[in-house]
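Chain naming here is simple, since letters A, B, ... match the order of the sequence lines and numbering starts at 1 in each.
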Amino acid sequence: MTAAKKVQIATVAPKVHVSLGAVDKEFAQPGRPGEIVHALGPVDLDLRQGEFFAVVGPSGCGKSTLLELVAGLSTATRGEVAFEGRPIHGRIPDGIGVVFQEDASFPWLSVHDNIAFGLRRMKIDRAERERRIGVALDMMGLSAFARSFPAQLSGGMRQRVCIARTLVTEPRLILLDEPFGALDQQTRLLMGDEVLNLWRKTGATVLLITHSLDEAALLADRIGVMSARPGRLIDIVETGWPRDRDSRIAQEEAFGAITARLWRLLRGESLKAMGKVGGET
Amino acid sequence: MSVPMKDGSIKRRPLKRGWTDTLLLVVLLLAVWQGLAWVIGAAELPSPFTTIAFTGRLLTSPSFWPHLLETAKAFGVALLLSVVIGLATGFLLGMNRFAGDLLEPVLVAVYSVPKITLYPILLLLFGLGIAAKVAFGTIHGVIPIALFTLAAVRNTRPVLLKTGRVMGLSTREMISGILLPAAMPEIFTGLRLGFSLTLIGTLLGEMFASQRGLGFMLMNAIGLHNVDVIMALTFLLVLFAGCASGFLLYLNRRFYQHV
Ligand SMILES: Nc1ncnc2c1ncn2[C@@H]1O[C@H](COP(=O)(O)OP(=O)(O)OP(=O)(O)O)[C@@H](O)[C@H]1O
Ligand SMILES: [Mg+2]
């Protein structure tokens with residue numbers, strides 16, 4: 001692709017960073033041959049270069065499954081996932097950072113060394129590495145705990161270690177699977193602001209999976225709303241926030257309207273996911 | 001070593017208390033030993049003091065050292081083989097679900113067979129001498145190390161491995177950077193067990209088909225009913241095994257006190 005053409009695309013339409021085309025994921029049930037669980041799909045979705053995309057949906061609808069497909073950690077049963085124009089086939093592309101739903105801190109490493117883990121493999125000198133770690137520690141409010149070990153930290157602090165470990169490598173695509181799940185509401189808001197800051201600074205594309213409708217409405221440019229399992233996108237809500245926003249937009253009228261709309265879309269699906277007949281909205 | 005934290009809490013396993021407990025246990029054992037010596041009679045069971053004095057004399061006698069050296073050599077090689085083969089097998093089977101499921105029961109079965117039944121086969125294969133001893137020591141030690149390593153590797157939390165995969169780690173980096181440290185505490189347990197069993201295996205090997213080594217000395221002493229030598233050797237071996245096991249435990253705590 002020539003430079004001229006690239007510029008043209010950038011001005012005419014936002015560049016697609018990740019695309020999912022008619023993606024389905026089914027799981028075989030170990031010990032029960034023939035039985036499959038249809039976890040996800042079909043899903044069609046394009047993530048634009050540099051956008052902040054949130055996904056909300058009832059528990060068990062396939063959000064984590066979706067994230068693992070995009071990360072290249074698992075392969076789609078049908079359809080295709082592409083990152084930066086190239087299809088992912090169980091191969092893990094460079095430039096993707098993931099924060100998992102579970103605690104993934106390494107218990108044998110100090111907080112500092114946990115954060116340094118991914119960096120050590122990159123060709124950056126020691127001074128730059130320490131600088132980045134320092135910034136990340138500060139950003140996540142962990143500076144006083146650099147020498148502590150995960151067993152000495154609370155669940156929320158461990159999750160922040162994992163966020164820091166992912167962010168210091170400056171990925172082009174950041175996948176966050178309920179990263180603030182273990183945090184209190186106030187800390188969630190502050191962490192959200194930090195992630196927004198970083199997103200603005202690095203220009204990375206962010207895919208955030210969250211349980212919290214508020215969080216989605218607060219942080220994202222667009223919000224994908226998923227149905228009960230097998231998860232499909234039932235709607236995509238545009239928030240229309242400016243790029244330099246922060247958690248104070250929670251006071252705006254539009255914010256209430258967005259969360260109300262999300263809840264209207266999700267109420268029926270959530271009842272379905274709980275095994276209750278409902279769907280009246 | 002300890003980490004003073006902002007909220008003032010320090011989490012650390014009490015190493016100190018472990019030492020006093022050990023000392024207490026040793027004193028208790030010596031007391032029981034002394035008591036038994038009084039009841040049974042010194043001719044059949046020499047007292048701790050007599051044994052320690054005799055051990056001192058044994059250690060200064062020149063005829064003892066070649067035997068010790070022989071055993072040390074055989075044990076050293078057997079231990080090295082046990083550890084290397086055990087770890088390699090454990091990692092291979094732990095990382096390969098199918099092979100692991102297939103071979104784990106086989107390992108457990110072989111582990112529960114009295115190894116002495118395998119001895120004639122080993123003698124045929126290796127002949128008399130150091131090779132047979134090493135082989136006998138190795139088959140005792142290698143399986144527990146392999147089994148513990150296998151379980152440890154298999155039980156590594158999947159999310160840690162996913163983290164490594166997303167970072168693009170090669171297989172080698174995955175093993176050294178994630179699998180090994182994650183599995184280390186459990187592997188240490190296997191190593192401690194494997195260490196003792198390799199020692200026992202090597203000595204057994206010497207007892208039945210060798211003209212040299214501590215095992216041979218022991219067998220000889222049993223034949224001659226030389227209680228002093230039997231007690232001194234047993235004392236030395238227990239002391240050695242106990243110290244080594246304690247040292248491994250210390251290493252484990254020292255490096256993995258936070259896990
Ligand atoms: N490895 C697997 N094998 C079999 N089934 C699986 C596997 N992983 C996920 N599933 C199934 O796929 C469905 C979606 O799971 P997933 O973890 O993606 O849900 P989720 O939307 O992330 O839920 P939550 O919000 O609770 O985290 C679930 O019904 C789950 O049982
Ligand atoms: Mg999930």
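- Proximity to chain B is limited to the backbone of A/Ser105, based on heavy atoms less than 4.5 angstrom apart.
- Here A/Asp103 is the residue among A/Asp94, A/Val99, A/Asp103 with the most heavy-atom pairs under 4.5 Å with chain B.
- Using modelled atom types and a 3.5 Å distance limit, the side chains of A/Thr210 and A/Glu215 yield a donor-acceptor pair.
- In this structure, A/His17 and A/Phe83 have tilted ring planes: the angle between them lies in the 30° to 60° band.
- The residues A/Asp125 and A/Arg131 are annotated as not salt-bridged, no charged nitrogen and carboxylate oxygen being separated by less than 4.0 angstrom.
- Classified by interplanar angle (parallel below 30°, tilted 30° to 60°, perpendicular above 60°), the ring pair A/Phe106/A/Trp108 is parallel.
- Contacts of A/Gln101 with chain B are absent, with no heavy-atom separation under 4.5 Å from either backbone or side chain.
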